[in-house]
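In what follows, chains carry the letters A, B, and so on, assigned in the order in which the sequence lines appear, proteins first and then strands, with residues in each chain numbered from 1. Keep in mind that what you see is a predicted model, and the values were worked out from it rather than measured.
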Amino acid sequence: MSRYNFKEVEYRWQQQWAHQNLYQCAPDSSRPKYYVLAMFPYPSGKIHMGHVRNYTITDVIARYKRACGYNVLHPMGWDAFGLPAENAAMQHHVHPARWTYENIAQMQEQMKSLGLSIDWSREVMTCHPDYYRHEQKMFLDLWDKGLAYRKQSVVNWDPVDQTVLANEQVIDGRGWRSGAVVEKRYLWQWFFKITSYTKELLSGLETLTAWPDKVRLMQQNWIGMSSGALIRFALRNRLDHLEVFTTRPDTLFGASFCAISADHPLAVTLGKSNRQIALFLDECAKSAVNEATLEKLPKKGIDTGLKAVHPFNPTVELPVFIANFVYMDYGTGAIFGCPAHDQRDLEFARQYNLPVKPVVIPKNQPAQGFTIRDIAFTDDGVLQHSDFLNGLSVEEAKLKATQHLTKLGRGHATNVFRLRDWGVSRQRYWGCPIPVIHCPECGAVPVPVDDLPVVLPDDVSFNQPGNPLDHHPTWKYVDCPRCGRSAQRETDTLDTFVESSWYFARFCSSSIAQPFLASDTQYWLPVDQYVGGIEHAILHLLYARFFMHALQDCGYPVPKEPFHGLFTQGMVIHETYKHQKGHWLFPTEVEKQGDHYICSADGSPVTVGRSEKMSKSKKNVIDPGQIIEMYGVDTARWFVLSDSPPERDFEWTSSGVEGAWRLVQKIWRLLTLRTIAPQNPIKDNNAFRRIMHKTIAGVTTDIENFRFNRAIARIYEYINAFHEHMDRNCLQEGLEALVLLIQPFMPHLAEEMWHQLGHKTSVTLQPWPKADPALIEEDSIIIAIQVNGKMRDTITVRKDIPNAELEAAVCQRSIVQKTIGSQAIKKSIIVPNRLINIILG
RNA sequence: GCGGGUGUGGCGGAAUUGGUAGACGCGCCAGACUUAGGAUCUGGUGACGCGAGUCAUAGGGGUUCGAGUCCCUUCACCCGCACCA
């Protein structure tokens, strides 16, 4: 028998499968449906190992579920709008559309070589008007419902390039191209009112039991509900008030200042008449817009000279600061500071010499002598120096303080959320045009539905900074659909997260004129199993959930929760190699010599760094195309699932992939067992069958639970059993079971072997093998023997042996007797069929 | 900074969810067969110890008859932080 020729076999079966339309699906009420979806890729032009891992996971699930009798939908599409296309346009003078469509064509070809059981007839490209026209209609429907609105909002502004920068284009506070210090700028932008659904998005999390707990927790924290109180501080010698939100009304007597955000209307007003304040506001405007950076800034502020009146004691006045750690987006954009019980307030107070007055004392500690140094006291304790709150716990005091505020008419209990509305405006060309016309008379007017889609113009130039739509000579000049006067199109396009918020619904009816049919979405949705990276745990998944809530309220036939099951796979990582001259080397540029690496080109030593996420910049990438060329795609699929649990990072190693490749050959060689004379013709049929059925049962539950690495380990054990326990009478049966079990992982090898075993139809159409529980039963088992909790021995006994009998048998063992010696047995703990622990007195 | 996670032999990992730590694979060692192959097969392989045994699941502490698993704490690394997708 010749070696397994993966190239010929894989190509042949891929042709056949495509020819037979094996993976095309349609609603079928007679079968249960199963919708399995990988997060669709951005068409960068080349697939990477992360893609291979992601799509292998969904393909294993798809093939397994198909074998279990489900009507499986496993589609694929392209998240095709976005920044990289515009960067390519600027760097290489390629039109974003051309660049994107060419990338899609290339990637599609590569993806097809993975042997995925995808229904390609449903492919979508979000940059195509056939896709985004529906999104424009959705935008208008949301607007109509009050779920889209405009407000002024901040962007990163590059003063040299005169353009808006994405956060990733801001490096250390400077524009990535110009190097200019990035400023904040306020623009009128469109927002989706995700905050209208805060409660539903929060309570919906409880229903998503097939999601990882960590993702639900992350979303819950992101929405971030805080219970507290709204307090109105009177301002001395002024008519207006300062509204403050706090989660700690109990600490009001420890307040030593108030602080407002630099973006607070009061701060802006004060800045107009006070140069010092204006300078400070300018300084704040220069800082970055992202939270991670802001949180690390040293606390800074400026005293406005205003005095806030303490709500419980009008004789106490608190200075009002403008502070860089107070955010306008959260609460009311104003706080009162109690330095003793809040770390940020404490740091601020130390800097500006504000009093630090503890009002909560740790339990069982004298109030005298309790002082705060560098760490604020934020735990529960007993209220002190707080008038009517004295002696209460923090919880009690929160309640009483809030009640008192309400009585005084100076505040009330309220909940505040961290979640902010979703800003969807992008000042960019390569995105879905927002279908709005701005008329000097009528304001913002929707583009009439009959005029949709608003198509992106092709003739754009990237030679000047800013948004090409904005400086296009004609595109934006139109007549107002309402009054007919000259007006201008909205030149902002939509955030690409909008496309990914409904593509899974489009897959249900991708080729029709409507966005989707109720009969399709009601059959297919929700997605039964969604698979993608943990990096999407919050934004993408939350936006998609919101979008479905909103679309449903606009009358679209979609469920509120789009993703029933979620699985987040880990990254693919690889060692890094550094040349002694300091530059990175590709894995293909180094070779192993003994236990170290050298550069193939010049033989110089190479420093091996720890494994990290594959990235172009560090060159620690493995091209799936080359791997498929060398080893075949079944080997690659097998390997990416074999070594690590799928939710964890997976380390790509050359020895690992070779091991997988050897396994493919090894499985293939099992066919030769049929032709050689068995050395031991009579063996234990039952022993082999037991292993076989144990394997079937184990692999089944492992796939159900996404433990693909464990399933694969079981298949290895099973293959070993062919040599140890094989009886020729079981051979055909044993091989068929093996082929059915590897089919989801290595479809090409499985299909070829299936035909070699004498079958004429595709292995894809075969039902999943069933384990016979009776065959798995063992009648004798090994029980662990512990003495005082220490492992001493094992004993083989019949299953379900009575305790007394077991104890007697165990005490006969010489090791046990020796360990016990002359000591008395106090008691013994027996875990049935597992363990006995003898406790000595 | 905040939120979420991960940590087990030389390496990737397994452990019936509180009950024999190290399944399976890689690597390494030995043997067999061929000896032109990086092929294949068999056996061994956590550390220390001649041994009975002792020590081992990032470090420290705790709960328990029993802890990789539960609790407290320290450290390291990873993901997200709202305009990358």
Given protein heavy atoms under 4.0 Å, the one-letter contact record of nucleotides 21-42 of chain B, with B base, S sugar-phosphate only and - none, is simply S-BSSSS----------B-SSS

Considering only atom [atom1], compute the distance from [N] to [M] and round it to an integer number of Å.
N      : M      : atom1 : result
C48(B) : G62(B) : P     : 29 Å
U20(B) : A15(B) : P     : 13 Å
U69(B) : C79(B) : P     : 26 Å
U8(B)  : U57(B) : P     : 11 Å
G9(B)  : A23(B) : P     : 13 Å

Checking all strands, does [X] fall into the base, sugar-phosphate, or nothing category for heavy-atom contacts under 4.0 angstrom?
X         : result
Pro645(A) : sugar-phosphate
Gln427(A) : base
Val164(A) : base
Phe497(A) : base
Ile829(A) : base
Gln189(A) : base
Lys214(A) : sugar-phosphate
Gly570(A) : nothing
Ala292(A) : base
Val155(A) : base

Closest non-hydrogen atom pair between Leu541(A) and Gln219(A), with its separation: CB-NE2, 3.4 Å

Does [X] make a side-chain N or O approach to OP1 or OP2 of [N] shorter than 4.0 Å?
X         : N      : value
Arg426(A) : C83(B) : yes
Thr496(A) : A85(B) : yes
Asn156(A) : C83(B) : no

Output a table of nitrogen or oxygen pairs between the protein and nucleotides 45-56 of chain B separated by less than 3.5 Å.
unit_1	atom_1	unit_2	atom_2	d
A52(B)	O2'	Lys818(A)	NZ	3.4

Can you check the [X] [atom1] to [N] [atom2] distance for me, whole Å?
X         : N      : atom1 : atom2 : value
Ile573(A) : G12(B) : CD1   : C1'   : 10 Å
Tyr327(A) : C2(B)  : OH    : P     : 12 Å
Tyr543(A) : C84(B) : OH    : P     : 10 Å
Glu295(A) : G1(B)  : CD    : C1'   : 5 Å
Ile375(A) : G1(B)  : CD1   : P     : 12 Å
Glu291(A) : A82(B) : CD    : P     : 7 Å
Glu499(A) : C84(B) : CD    : C1'   : 14 Å
Met39(A)  : C84(B) : CE    : P     : 17 Å

For residues 705-712 of chain A, tabulate all N or O donor-acceptor pairs below 3.5 Å that involve a side-chain atom, not counting sequence neighbours.
unit_1	atom_1	unit_2	atom_2	d
Asn705(A)	ND2	Thr701(A)	O	2.8
Arg707(A)	NE	Asp702(A)	OD1	3.2
Arg707(A)	NH2	Asp702(A)	OD1	2.9

Candidate nucleotides G7(B), U20(B), C83(B), ranked by approach to the side chain of Arg428(A) - the nearest: C83(B)

Could you walk me through whether Lys193(A) and Asp421(A) pass the salt bridge (charged side-chain N to carboxylate O under 4.0 Å, His left out) check? CA-CA 5 Å; Lys193(A) 216 166 181 186; Asp421(A) 277 337; 5.9 Å; no

So does Val155(A) get a backbone contact from the side chain of Arg185(A), meaning a donor-acceptor N/O pair under 3.5 Å? no

Can you check whether Thr163(A)'s main-chain N or O pairs, donor with acceptor, with Asp158(A)'s side chain at less than 3.5 Å? no

Is there, by distance only and without an angle test, a donor paired with an acceptor across the side chain of Asn837(A) and the base of C65(B) below 3.5 Å? yes

Does any non-hydrogen side-chain atom of Asn467(A) lie less than 4.5 Å from one of Tyr429(A)? yes

Nucleotide N/O of nucleotides 59-62 of chain B paired with protein N/O under 3.5 Å:
none

Decide side-chain hydrogen bond (donor to acceptor under 3.5 Å, both in side chains) for Tyr132(A) and Thr493(A); before the verdict, give the C-alpha distance in whole Å, the side-chain angles of both, and the deciding distance to 0.1 Å. CA-CA 11 Å; Tyr132(A) 68 69; Thr493(A) 51; over 6 Å; no

Suppose we call two aromatic rings close when their centres sit under 6.0 Å apart. Are Tyr197(A) and Phe547(A) close by that rule? no

Check for me whether the distance between the ring centres of Tyr530(A) and Trp211(A) falls short of 6.0 Å. no

Dump every N/O contact between nucleotides 76-80 of chain B and the protein below 3.5 Å, one line per pair.
unit_1	atom_1	unit_2	atom_2	d
C77(B)	O3'	Arg610(A)	NH2	3.4
C78(B)	OP1	Arg610(A)	NH2	3.1

Could you list all the salt bridge (Lys or Arg N to Asp or Glu O under 4.0 Å) pairs where at least one residue sits in residues 638-653 of chain A, not counting sequence neighbours? none

Could you tell me the Watson-Crick or G-U partner of C41(B), where both distances fall under 3.5 Å? Say none if there is no partner. G31(B)

Check the pair Asp342(A) / Arg344(A) against salt bridge (charged side-chain N to carboxylate O under 4.0 Å, His left out), numbers first and verdict last. CA-CA 6 Å; Asp342(A) 183 285; Arg344(A) 290 168 307 177; 3.7 Å; yes

Of Ser425(A) and Asp702(A), whose closest RNA chain B nucleotide lies nearer the 5' terminus? Asp702(A)

Starting from the 5' end of RNA chain B, give me the residue, Ile783(A) or Asp495(A), whose nearest nucleotide shows up first. Ile783(A)

Whether His51(A) and Tyr55(A) hold their rings parallel, tilted or perpendicular, with breakpoints at 30° and 60°: parallel

Let me know which of Phe40(A), Trp502(A), Phe81(A), Trp78(A) forms a ring-ring contact (aromatic ring centres under 6.0 Å, His included) with Tyr131(A). Trp502(A)

In terms of base orientation, is U69(B) syn or anti, with the syn window spanning 90° either side of 0? anti

Where the chi angle of G9(B) falls, syn if within 90° of 0 and anti if not: syn

How about Lys300(A): does its NZ atom have over 12 heavy atoms from other parts shown lying under 6.0 Å from it? no

Hey, are Glu777(A) and Lys799(A) close enough for a salt bridge, meaning a charged N less than 4.0 Å from a carboxylate O? yes

Would you call Glu86(A) and Arg428(A) a salt bridge, taking side-chain N to carboxylate O under 4.0 Å as the test? no

Exactly one candidate in Leu738(A), Thr695(A), Ile742(A) meets side chain to side chain contact (heavy atoms under 4.5 Å, CB included) with Ile719(A); the answer is Leu738(A)

